[in-house]
Amino acid sequence: MALKVYCDRMSQPSRAILIFCKMNGIDFEEITINILKGEQHTPEYKAINPMCQVPTIVDGDFTLFESHSILIYLSSKYPGVASHWYPSDLIERAKVHSVLDWHHANLRRGSVGVIVNNVMLPIKGLPSNPQAAEEAEKTLEKALTVLETFWLKDGPFLAGRSQPSIADLNLVSEVMELELLSMELHDRILSPYKKVLQWVEDTKSATTPHFEEIHGVLLKTRKEFRKLMAAKSGKTE
């Protein structure tokens, strides 16, 4: 029975799981849960994941959610997974865990706040909170600075590694979500971080062609969102 992956390619952690499975030749069934339509709140999906979030995997009679845990599980279960994704060396593995633990309270917190206040609320015609938007941007910029000056200081990939790990997949998917911002805001936030931008390109190259395929929906939606936001603001993009 094939592994089932309940996900949405608009979801950062979903994309990390999908790229990982494709990179490692894991046989799986992709089941789309459209989060923009609220399908994560249906009774059917809630019975699978009571947290009403994506991604979730169902492997036989075992169900697991939370993307970091999923990636660790898949890395440990499948013998064909390349060792650089989740190293067997205790110290190297601990470094990967440290990045993953840092991710949710820092980079993800800032990224989600910026996306919600600058994209999702305006798209839905709801008022944005300027103070919340400013605080989210500060949180994001602080996280990007740490990414630039600490996690990427010793090598092309996170924690000084020469090849990407599961941490790189999670964090690069988070940074790619910023593509939904207006071009002006996207460039203003990201352009100072040259190492981060190079790391995105390096991770993309290391996971081609799956990176491009899995991010296709996001980039198509970016075009639609930017047109919509430009129309609402009376600008053209």
Side-chain angles (χ1 to χ4, degrees), residues 1-24 26-78 81 85-86 93 96-121 123-124 126 128-129 132 135-136 139-140 143 165-178 180 210 214-215 217-218 221 225:
M1 183 182 296
L3 174 77
K4 292 183 178 180
V5 179
Y6 294 83
C7 59
D8 184 338
R9 294 188 181 197
M10 285 296 292
S11 148
Q12 304 94 303
S14 290
R15 293 195 297 273
I17 301 297
L18 293 173
I19 293 171
F20 178 85
C21 287
K22 286 177 176 284
M23 284 296 299
N24 289 286
I26 296 172
D27 183 29
F28 70 98
E29 177 187 359
E30 180 179 351
I31 302 169
T32 299
I33 304 296
N34 191 314
I35 56 178
L36 293 179
K37 293 182 179 178
E39 291 178 0
Q40 71 273 31
H41 298 293
T42 63
E44 294 80 9
Y45 186 67
K46 193 173 183 179
I48 297 169
N49 184 342
M51 304 299 172
C52 300
Q53 296 177 332
V54 291
T56 302
I57 63 166
V58 176
D59 189 17
D61 59 359
F62 177 55
T63 299
L64 182 65
F65 37 89
E66 294 298 332
S67 62
H68 296 173
S69 296
I70 291 171
L71 286 168
I72 291 169
Y73 171 79
L74 295 176
S75 297
S76 303
K77 175 175 179 177
Y78 291 92
V81 172
W85 292 113
Y86 190 58
R93 181 175 288 190
V96 171
H97 278 262
S98 68
V99 181
L100 292 173
D101 288 345
W102 175 84
H103 171 217
H104 270 154
N106 296 277
L107 182 62
R108 182 159 180 78
R109 181 175 160 224
S111 170
V112 169
V114 167
I115 293 294
V116 167
N117 282 283
N118 291 281
V119 180
M120 302 314 298
L121 291 179
I123 288 294
K124 293 178 180 179
L126 299 173
S128 178
N129 182 326
E135 289 175 0
T139 299
L140 176 58
S165 72
I166 58 174
D168 291 274
L169 291 184
N170 259 298
L171 273 67
V172 82
S173 296
E174 198 75 63
V175 171
M176 283 298 294
E177 195 77 359
L178 300 175
L180 294 176
H210 306 302
I214 299 303
H215 281 87
V217 171
L218 175 77
T221 304
F225 277 12

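All residue numbers in this chain count up from 1 along the given sequence.
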Once you round to the nearest 0.5 Å, how far does [atom1] of [X] lie from [atom2] of [Y]?
X	Y	atom1	atom2	value
Ile214	Arg9	CD1	CZ	3.5 Å
Thr221	Ile123	OG1	CD1	10.5 Å
Arg108	Gln12	CZ	CD	4.5 Å
Phe65	Ile48	CZ	CD1	11.0 Å
Lys77	Ile57	NZ	CD1	8.0 Å
His41	Ile33	NE2	CD1	11.5 Å

Nearest atoms (heavy-atom pairs only) where [X] meets [Y]:
X	Y	result
Leu74	Val81	O-CG2, 3.9 Å
Met120	Leu36	CE-CD2, 3.5 Å
Met176	Leu218	O-CD2, 3.3 Å
Ser75	Ile166	OG-CG2, 3.7 Å
Ile70	Pro55	CD1-O, 3.8 Å
Leu100	Ala167	CD2-CA, 3.7 Å

Tell me if a side-chain donor or acceptor on [X] pairs with a main-chain N or O of [Y] at a distance below 3.5 Å.
X	Y	answer
Ser111	Leu107	no
Asp8	Met10	yes
Ser173	Pro13	no
Tyr45	Gln53	yes
Glu39	Asn34	yes
Asp101	Ser98	no

I would like to know whether Val172 and Ile19 meet side-chain contact (heavy atoms from CB on, under 4.5 Å); could you show each step before the answer?
-> CA-CA 11 Å; Val172 82; Ile19 293 171; 5.9 Å; no
A side-chain contact here means heavy atoms from C-beta on lying under 4.5 Å apart; do [X] and [Y] qualify?
X	Y	value
Thr56	Thr63	yes
Leu71	Ile17	yes
Asn49	Gln40	no

With side-chain contact (heavy atoms from CB on, under 4.5 Å) as the test, would you mind laying out the steps for Glu174 and Val112 before giving the verdict?
-> CA-CA 9 Å; Glu174 198 75 63; Val112 169; 4.2 Å; yes
So Trp85 and Phe20, would you call those rings parallel, tilted or perpendicular, with 30° and 60° as cut-offs?
-> perpendicular
Does CZ belonging to Arg109 count more than 12 external heavy atoms closer than 6.0 Å?
-> no
Could you go step by step and tell me if Leu121 and Val116 meet the side-chain contact (heavy atoms from CB on, under 4.5 Å) rule?
-> CA-CA 6 Å; Leu121 291 179; Val116 167; 4.1 Å; yes
